Every structure is written in structure tokens, then in C-alpha cells.
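In what follows, a structure is listed as C-alpha cells, so that the remarks can point back to it.
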Amino acid sequence: MARTVWNSTVGKKTVMAVSGLVMLLYLVAHMIGNLKIFFGAGEFNHYAHWLRTVGEPFMHYEWTLWLIRVVLVVAVIAHAVSAYQLSRRDIKARPSKYVHRKPRASYATRTMRWGGIILALFIVWHLLDLTTGTVHSGGFETGKPYQNVVDTFSTWYGNTIYVVAMIAVGLHIRHGFWSAAQTLGVGSRTRDRALKTTANALALLLTAGFLAVPVGVMTGVVS
Ligand code: HEM
């Protein structure tokens, strides 16, 4: 049964929609958490510490965080694998034999594919930059995310990478949220306008909220 669903196009689209919504929830929480940087180093670093102790004493140190990480990794893999397989199917199904010009995927589809690749690369960079510190520009200090974030946005390439990625996040959510709603059967003639507005508002809110941090550092509001 599960196999039949997974092998069907609609099954893969459902996996994409659900995993996408899980990641969207994470992004909303992450963006709100990031904005705490405007309340100063004490509050931001304390928040990072809380992320590791949440659920105590029932949960051990970092258990909740690891639980979230596992859910996110599963969501990322499910999203990427189904995206890849759906693209392969789409390319194979193209009747390009008898026409001169290959029919290309729509603008939205191409944006989603490129955007997805950019975001996957960004997530790897971001983890190596602010979680492990492997590619960090300054002297990375675990437990001191405030200074780590300021260091990142004090370099031209840090700002460039993040600004490009945040625009990709916005575009991806704008179309992805809309597609997920259609796949999950929420769309209808009466609801489509509201869904489009919600998708646009979410995309704008997330892009602006995330961009506020590098802009804050670049303008000296956060230093
Ligand atoms: C300007 C935008 C962003 C800033 C300033 C930022 C900042 C940070 C910081 C400081 C951490 C480390 C937190 C800690 O160790 O306590 C972190 C972790 C993380 N961020 Fe971001 N982030 C941004 C955008 C994003 C975006 C767009 C995504 C996803 C597409 C993302 C995904 C993650 C993930 C998965 C982690 C690892 C969480 C963990 O397992 O510890 N971030 N971010």
C-alpha cells in the first residue's frame, strides 16, 4: 500500500507538500528566533542556550534539539528525493522526439528546481558556518551565536551568500506553498485568491525577517 502511494506521482507530490510544510514551520520559528538578535547579545545567546535545554528535566541536554534535527533531516531527504524523481519523470515524459524545439519546463518549475539546488547548497554552507564553524570567517565560538552572526555579516561574501539564499527562500515558498495547497486539495475557485495572497505574504515576511539580520549588521544596528 505505502509502496503504491510512493510510486504514484500524486504520492510523491504529497510527500513534497507535507515535508515542505514541516520545513516551513521550522523556518517561521527560526526567523522569529533570529530577530531576537535585535535585543542584544545576552538575550540572543541565552535563547541559543534555551534551545539546548528545552524540555529539561524530562529531556536530557540537547535531546529536544536532536529530535528537531532528525525530523528536519527526514523532511529534507524526503523533499529532495521526491523532487528529483518527479523531475526525472517529467523530463522522460516530454514528447521531444517529433518537435524541433524541446518544450521547456514552465518558469515556475525551473525556478523551483534551481531554487531547490541553491537552498540545498546554502543549508550545507550555513551549517558549516554557524553550527560547526568549519567555514566561519572569524574565531567561531560555540554558545556565542551573536558574535558568530556579526562575524558572518561583516564579510562581503557572507552577505552575498545569505542575501541570494533569502531571495531563493522567498521565491521557493511563494510557489511551494501554493503547490502544496493544490496537492493537498485545499485549493478551489473561491479559495485560490486567498491562498495566493497567503503564499505571497508568507514569502515576503520570511524573506524580510531573515534579511533584517544581515541588514542590521551592515547598518551597524547590530554590532
Ligand atoms: C539571515 C538568515 C539566517 C540567520 C542569521 C541564521 C542564523 C542561524 C544561527 C545563528 C544558527 C545556529 C544556532 C545555534 O547553534 O544556536 C542557525 C542554525 C540553523 N539554521 Fe539558520 N539562519 C538564517 C537562515 C536560515 C535559513 C533560510 C535556513 C533554512 C533554509 C536555516 C536553517 C538552519 C538550520 C537547519 C540550522 C541548524 C539548527 C541545528 O540543528 O542546530 N537558517 N541559523
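None of these values were measured; they are calculated from a predicted model. Whatever order the structure lists them in is the order used to number ligands and atoms, beginning at 1.
Listed for the Y146 side chain is a donor-acceptor partner under 3.5 Å among the backbone atoms of S223. Checked by atom type and distance alone, the side chain of K12 pairs as donor or acceptor with a backbone atom of W6 at under 3.5 Å. S82 contributes no side-chain N or O that, together with a main-chain N or O of V15, makes up a donor-acceptor pair within less than 3.5 Å. Using a distance-only test at 3.5 Å, with no hydrogens or angles considered, no donor-acceptor pair links the side chain of N200 to the main chain of R174.
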Dump the pairs for me: ligand 1 N or O, protein N or O, distance under 3.5 Å, to 0.1 Å.
| from | atom 1 | to | atom 2 | distance (Å) |
| --- | --- | --- | --- | --- |
| ligand 1 | 15 (O) | R52 | NH2 | 2.8 |
| ligand 1 | 16 (O) | R52 | NH1 | 3.0 |
| ligand 1 | 16 (O) | R52 | NH2 | 3.4 |
| ligand 1 | 20 (N) | H30 | NE2 | 2.9 |
| ligand 1 | 20 (N) | H126 | NE2 | 2.8 |
| ligand 1 | 22 (N) | H30 | NE2 | 2.8 |
| ligand 1 | 22 (N) | H126 | NE2 | 2.8 |
| ligand 1 | 40 (O) | R69 | NE | 2.5 |
| ligand 1 | 41 (O) | R69 | NE | 3.3 |
| ligand 1 | 41 (O) | R69 | NH2 | 2.8 |
| ligand 1 | 42 (N) | H30 | NE2 | 2.9 |
| ligand 1 | 42 (N) | H126 | NE2 | 2.9 |
| ligand 1 | 43 (N) | H30 | NE2 | 2.9 |
| ligand 1 | 43 (N) | H126 | NE2 | 2.7 |

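For F44 and F38, the ring centers sit 6.0 Å or farther from each other.
The side-chain hydrogen bond (donor to acceptor under 3.5 Å, both in side chains) test applied to R89 returns T9, not counting sequence neighbours.
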